[in-house]
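To start, the structure itself, in structure tokens.
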Amino acid sequence: MPELPEVEVVRRGLERWVAHRTVAEVEVLHPRAVRRHLAGADDFTHRLKGHRLGVPSRRGKYLWLPLEDTGQSVLAHLGMSGQLLVQPHEAPSEKHLRIRVRFADTLTSAAAEAGGTELRFVDQRTFGGLSLHDNTPDGLPDVIAHIARDPLDPLFDDEAFHQSLRRKRTTVKRALLDQSLISGVGNIYADEALWRSRLHYDRATATLTRPRTAELLGHVRDVMNAALAVGGTSFDSLYVNVNGESGYFDRSLDAYGREGLPCRRCGTTMRRRPWMNRSSYFCPKCQRVPRAVS
DNA sequence: CAAGGCTCCTGATAGC
DNA sequence: TGCTATCAGGAGCCTT
């Protein structure tokens, strides 16, 4: 499940292998992969053709490649199983190949280094996709204007986040997953940060003190930076970097997926609870159920 | 308006 | 063995 660290690993790969290359041809093999491009697959294809890509940016789990001189960007979201792979032309098509982008490689040094490669969007579960959008004055695609800055963004406002939590009538894990409050956090890193903070997922956000919020944000940043340092979290081949390689952070997870295993802090058996059509993993001793569940 | 629930999708795996 | 049920879950959209 690609969250902020995994998406950032992909962004870095695109910066190295795809930035400054000119699109020659785009092939959409599954319409659902461009469903956010409302004008359709043909329009998507034609609008990309002939344009040079700039340096990719990221906010939370979204990343985008600016089309130079157009004021537009190709927006990408990996969903649950999306991959952006840089592959040699001759590599056989992946089973779930959805979009192929070929480049008009010239004699630039960047193109020479990239060799005869193309960009492929591969996505088994089809929750992800690519689309083209106008940029806002801030330089981000207009359709993600509602996405909050992420905790690794230098301009993320810790105090405003705390005040939002105090105002809301919701619980802490819901808030962590609310991309309009803080972006980039998904189910895995939410559980990890809550475990590190000794907070139960059903804790009401309005009860968090300023130091408690600061501690939580610190743990969110720590766990994301630690994952980034080892290439992200992979459980299987569904999440990989642009070269198809897995990250190693799954070996460092303290909460997610550890049902029935001893808590790494106190030894108590970790539990899993169904929660919002997914799962929450927690230590019943370190992360006590709050008295008043809102 | 805010909060919470539903839904899209495929494949691995468990259970009968 | 082969079928069905369950689970994985991001985020737009809908309902309350």
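Chain letters run A, B, ... following the sequence lines, proteins first, then strands; residues in each count from 1.
Side-chain atoms of A/Tyr62 lie closest to C/dG12 of the nucleotides C/dA8, B/dG11, C/dG12. Nearest nucleotide to the side chain of A/Arg125, out of C/dG12, C/dA8, B/dG11: C/dA8. In the set B/dG11, C/dG10, C/dG12, the nucleotide with an atom closest to the side chain of A/His96 is B/dG11. Nearest nucleotide to the side chain of A/Phe127, out of B/dC8, C/dA8, C/dG12: B/dC8. Minimum atom distance to the side chain of A/Thr170 is reached by B/dG4, of the listed B/dT10, B/dG4, B/dA3. Taking the side chain of A/His146 as heavy atoms from C-beta on, and the options C/dA8, C/dG12, C/dG9, the nearest nucleotide is C/dG12. With C/dG9, B/dA3, B/dT10 as the choices, the nucleotide that has an atom nearest any side-chain atom of A/Gln124 turns out to be B/dT10. In this structure, the nucleotide among C/dG10, B/dT7, B/dC9 sitting nearest to the side chain of A/Asn187 is C/dG10. For A/Thr126, the side-chain atoms get nearest to B/dC9 when compared with the rest of B/dC9, C/dG12, C/dA8. In the set B/dG5, B/dC9, C/dA8, B/dG5 carries the atom at the smallest distance from any side-chain atom of A/Arg174.
What separates CD of A/Gln179 from P of C/dG12 is a distance of 9 Å, to the nearest Å. As rounded to whole Å, 15 Å separates atom P of B/dA2 from atom CG of A/Leu165. Remark: C1' of C/dG9 and CD1 of A/Ile188 are 10 Å apart, rounded to the nearest angstrom. One can place CZ of A/Arg273 at 14 Å from P of C/dC7, the figure rounded to the nearest angstrom. The distance from atom CG of A/Leu78 to atom C1' of C/dA8 is 16 Å, rounded to the nearest whole Å. Nucleotide B/dG4 holds its P atom 12 Å from the CG atom of A/Leu181, rounded to whole Å. A straight line from CG of A/Asp178 to P of B/dG4 spans 11 Å, rounded to a whole angstrom. Remark: C1' of C/dG12 and CG of A/Asn277 are 15 Å apart, rounded to the nearest angstrom.
Note on A/Arg258 versus A/Asp254: no salt bridge recorded, every NZ/NE/NH1/NH2 to OD/OE distance being 4.0 Å or above. Under the 4.0 Å criterion applied to side-chain N and carboxylate O atoms, A/Glu15 and A/Arg12 are not assigned as salt-bridge partners. Using a 4.0 Å cut-off between charged side-chain N and carboxylate O, A/Arg210 and A/Glu159 make a salt bridge.
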- Could you walk me through whether A/Asp178 and A/Thr170 pass the side chain to side chain contact (heavy atoms under 4.5 Å, CB included) test, one step at a time? CA-CA 11 Å; A/Asp178 183 342; A/Thr170 190; over 6 Å; no
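Of the possible donor and acceptor atoms, none in the side chain of A/Asp191 sits under 3.5 Å from a partner among the backbone N and O of A/Tyr256.
A/Asp123 comes within 4.0 angstrom of nothing in the nucleic acid, heavy atoms only. Residue A/Arg35 is classed as having no contact, given no heavy-atom separation below 4.0 Å to the nucleic acid. Using a 4.0 Å heavy-atom criterion, one finds that A/Arg272 contacts the sugar-phosphate atoms exclusively.
In summary, the side chains of A/Thr136 and A/Asp142 do not present any donor paired with an acceptor at a separation below 3.5 Å, with no hydrogens or angles considered.
Contact annotation: A/Ser279 side-chain N/O to C/dA8 OP1/OP2 distance is under 4.0 Å. For B/dG11, the OP1/OP2 oxygens have a side-chain nitrogen or oxygen of A/Lys95 closer than 4.0 Å. Contact between the side-chain N/O atoms of A/Lys168 and the OP1/OP2 oxygens of B/dA3 is found at a separation under 4.0 Å. In terms of phosphate contacts, A/Arg278 brings a side-chain nitrogen or oxygen within less than 4.0 Å of OP1 or OP2 of C/dG10.
Between A/Met276 and A/Arg98, it is A/Met276 whose nearest contact on DNA chain B lies nearer the 5' terminus.
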